[in-house]
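As the structure lists them, so they are numbered: ligands from 1, and atoms in each ligand from 1.
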Amino acid sequence: MDKNRIIVFDTTLRDGEQSPGCSMNTEEKIKIALQLEKLGVDVIEAGFAAASPGDFDAVSRIAERVSNSSICSLSRAIDNDIKQSGLAVQKAAKHRIHTFIATSPIHMKYKLKMSEEEVIKRAVHAVEYARTFVDDVEFSLEDAGRSEIPFMKEVMDAVIAAGASTINLPDTVGYRLPHELGAMVKELSDFAGDRAIISVHNHNDLGLATANTLDAVMNGARQIEVTINGLGERAGNSALEEAVMAIKTRRDAFGDLYTGINTAEIYPTSRLVATITGVEPQQNKAIVGKNAFSHESGIHQDGVLKHQETYEIMKPEDVGVFKDSTLILGKHSGRAAFRDKIEHLGFDKVTDEELNAAFERFKILADKKKDVSDDDIRMLITDEALNQDKTYELVGLQISDCSNGVPTAAVSIKFQDQIMQDAAIGDGTMDAIFKTIDRLTGYNGELKDYKVTSVSEGKDALAKVTTRVAFDESSPAFVGHGLSIDTMLATAKAYLSALNSYLSQKERLSKQTSHQV
Ligand code: KIV
Ligand code: ZN
């Protein structure tokens with residue numbers, strides 16, 4: 001094991017998915033996992049297999065698809081959780097089980113209602129049981145940020161002896177200041193010595209997650225648990241892009257420490273996660289925010305033009321941010337130019353089918369819009385890849401509304417090669433669209449969230465709509481994506497996309513159950 005290498009453990013698909021409004025379906029999780037693999041993440045925490053059949057399905061399918069990163073599943077220190085994790089990661093080329101129990105006085109007294117001896121006993125059993133499935137077991141002392149050092153040492157001794165090779169010290173509630181966290185990590189990593197790798201997992205409740213992660217690295221942590229765009233429970237987790245770029249940019253401070261991240265994949269990964277979850281990073285977010293590399297003031301612009309490093313400590317291209325290339329596509333551009341462009345944008349794994357479908361959509365768009373920007377094309381490809389489930393397809397939409405009028409929508413959709421049409425009125429145009437679709441499909445969706453953003457600039461910009469819709473009480477809300485120059489058309493597509501996603505997940509889970517019977 002190279003002592004200078006920092007293991008990057010990404011938990012976007014587990015802690016990140018715990019962010020409000022960030023639930024993803026299996027196909028979306030697979031897409032993100034494949035992109036995380038391309039990014040060079042060492043360990044992908046693909047989910048919490050025991051949480052639901054959907055979570056188990058996602059972890060096990062990711063385990064089958066990813067080969068370069070280790071696939072990990074989270075489990076409480078409970079036999080059934082560990083068993084589900086073990087079964088779900090079984091087929092991965094490299095796999096890990098991550099198990100945890102809280103060690104802080106407040107958690108042990110009020111949440112677990114367990115004594116220190118009971119916690120140690122449970123922790124040891126969990127690790128031993130996890131080792132019956134995999135060789136690589138990580139143990140987390142939940143709420144380590146508020147735990148007592150002597151007790152943590154006792155727990156560490158016991159779980160290392162039981163077979164844990166990574167000890168994670170989560171600052172679960174984002175309480176620690178950097179110098180305090182650094183001191184804790186120093187003491188515990190000296191204590192662990194060569195017996196285990198010390199990992200950190202910092203929450204951002206005080207806006208200190210990345211600072212804490214970096215201080216931990218300087219004090220001996222060799223694994224960092226991070227998420228793309230800093231997603232995660234409450235205020236989120238330490239952001240992968242921030243920690244990785246700080247280590248890379250400040251070699252003067254971090255010396256020979258390095259990660260295996262291919263930083264040019266940072267921005268594409270951030271875009272994919274934002275598109276899938278519908279949660280955009282704030283504009284001024286470090287590294288991946290829209291403004292991260294734009295200079296507004298004249299003095300700054302002048303400086304950058306004279307010498308880039310006057311106001312830029314990183315090159316945009318180092319994180320995969322490219323200014324729009326000079327090759328602008330329009331309605332006369334052909335398939336070859338289109339393929340060239342998407343390869344230049346980093347989509348090297350697009351299937352011929354996806355390429356053809358995106359090219360058809362590009363032609364329609366280019367008829368309406370003079371110049372089609374790189375962002376438009378990026379979005380067309382992503383949207384095509386996200387909408388592979390086409391049980392219901394929107395064929396036509398007609399809406400009417402005016403002040404004091406009755407908002408009405410007429411919708412036609414294709415289902416099993418049949419065109420179905422209906423119309424309904426609603427409290428507004430959107431409501432009328434959703435009601436008509438519900439009537440046509442027989443499903444009664446409950447809209448949990450709706451977001452619209454413009455992909456590029458200008459009055460003719462593409463509208464990207466993200467919906468979260470629940471179709472029954474027993475399953476989570478499903479995310480849908482719609483893209484069009486017309487916002488209402490994008491809205492109808494996004495609603496149907498959520499329904500398609502729900503139906504395909506339902507079908508897959510019912511097939512699995514019938515196999516098991
Ligand atoms: O924040 C936390 O403590 C966690 C653990 C389960 C690692 O997410
Ligand atoms: Zn966490």
Side-chain angles (χ1 to χ4, degrees), residues 7-20 22-23 41-51 55 59 70-78 81-82 84-85 88-89 96-108 110-112 119 122-123 126-127 130 136-148 151-152 155-156 159 164-176 181 184-185 188 196-210 212-213 216 221 223-240 242-243:
I7 298 167
V8 177
F9 174 115
D10 181 278
T11 182
T12 307
L13 297 174
R14 199 277 299 168
D15 215 321
E17 205 206 9
Q18 289 171 219
S19 317
C22 275
S23 50
V41 159
D42 299 289
V43 185
I44 298 175
E45 187 160 58
F48 187 163
D55 286 75
V59 178
S70 178
I71 301 303
C72 171
S73 169
L74 182 70
S75 344
R76 290 166 296 180
I78 292 175
D81 278 22
I82 294 169
Q84 297 306 319
S85 284
V89 299
R96 171 182 291 193
I97 293 179
H98 177 191
T99 182
F100 71 98
I101 194 164
T103 52
S104 63
I106 185 167
H107 276 230
M108 290 191 288
Y110 295 105
K111 185 182 82 173
L112 298 174
V119 165
R122 178 82 77 79
V127 172
D136 184 0
V137 174
E138 168 172 337
F139 181 80
S140 281
L141 293 84
E142 192 194 6
D143 204 17
R146 293 186 298 171
S147 300
E148 285 159 5
F151 180 56
M152 287 201 277
V155 176
M156 282 170 62
V159 294
S165 45
T166 302
I167 300 293
N168 185 36
L169 304 171
D171 186 20
T172 304
V173 292
Y175 177 71
R176 286 285 182 172
L181 194 104
M184 176 180 91
V185 167
L188 294 180
I197 288 172
I198 296 295
S199 164
V200 283
H201 172 114
N202 293 310
H203 279 272
N204 203 29
D205 299 67
L206 294 172
L208 295 170
T210 300
N212 282 346
T213 298
Q223 175 174 288
I224 55 175
E225 300 200 355
V226 285
T227 57
I228 301 296
N229 298 343
L231 291 181
E233 191 77 52
R234 304 182 311 280
N237 288 59
S238 175
L240 179 147
E242 294 172 9

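- The protein atom (non-hydrogen) at minimum distance from atom 3 (O) of ligand 1 is T172 OG1, 2.7 Å.
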### Query
Run the side-chain hydrogen bond (donor to acceptor under 3.5 Å, both in side chains) check on S75 and H98 step by step: do they pass?
CA-CA 6 Å; S75 344; H98 177 191; over 6 Å; no
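- The atoms of ligand 1 that sit less than 4.0 Å from any heavy atom of E142 are 3 (O).
- Of all the heavy atoms of D15, the ones lying under 4.0 Å from any atom of ligand 1 belong exclusively to the side chain.
- The two atoms that bring V41 and I44 nearest to each other are CG1-CG1, 3.8 Å, heavy atoms only.
- Closest approach of A164 and V127 over heavy atoms only: N-CG1, 3.5 Å.
- Ion pair R14/E233 not flagged as a salt bridge, since none of the NZ, NE, NH1 or NH2 atoms sits closer than 4.0 Å to an Asp/Glu carboxylate oxygen.
- The shortest side-chain heavy-atom distance between M156 and F151 does not fall under the 4.5 Å cut-off.
- Just one of T11, T12, D55 meets the side chain to side chain contact (heavy atoms under 4.5 Å, CB included) condition when paired with E17; it is D55.
- Of all the atoms in ligand 1, the ones that sit under 4.0 Å from a non-hydrogen atom of H203 are 1 (O).
- Note: an N/O pair closer than 3.5 Å links R14 and ligand 1 by distance alone.
- The shortest N or O to N or O distance between N168 and ligand 1 is not below 3.5 Å.
- The atom of D15 that is an N, O or S and sits closest to the Zn ion (ligand 2) is OD2.
- Within the listing of ligand 1, atoms 7 (C) sit less than 4.0 angstrom from a heavy atom of S140.
- Counting heavy atoms closer than 4.0 Å to ligand 1, residue E233 contributes nothing at all.
- Between R76 and D81 there is a salt bridge, since at least one side-chain N of the basic residue sits less than 4.0 Å from a carboxylate O of the acidic one.
- Taking atom 4 (C) of ligand 1 as the reference point, the nearest protein heavy-atom neighbour is H201 NE2, 3.5 Å.
- Annotation for R176 and S147: closest pair NH2-O, 4.5 Å, computed over non-hydrogen atoms.
- Take the N/O/S atoms of H201: the one nearest the Zn ion (ligand 2) is NE2.
- Here E45 has no heavy atoms under 4.0 Å from ligand 1, in either its backbone or its side chain.
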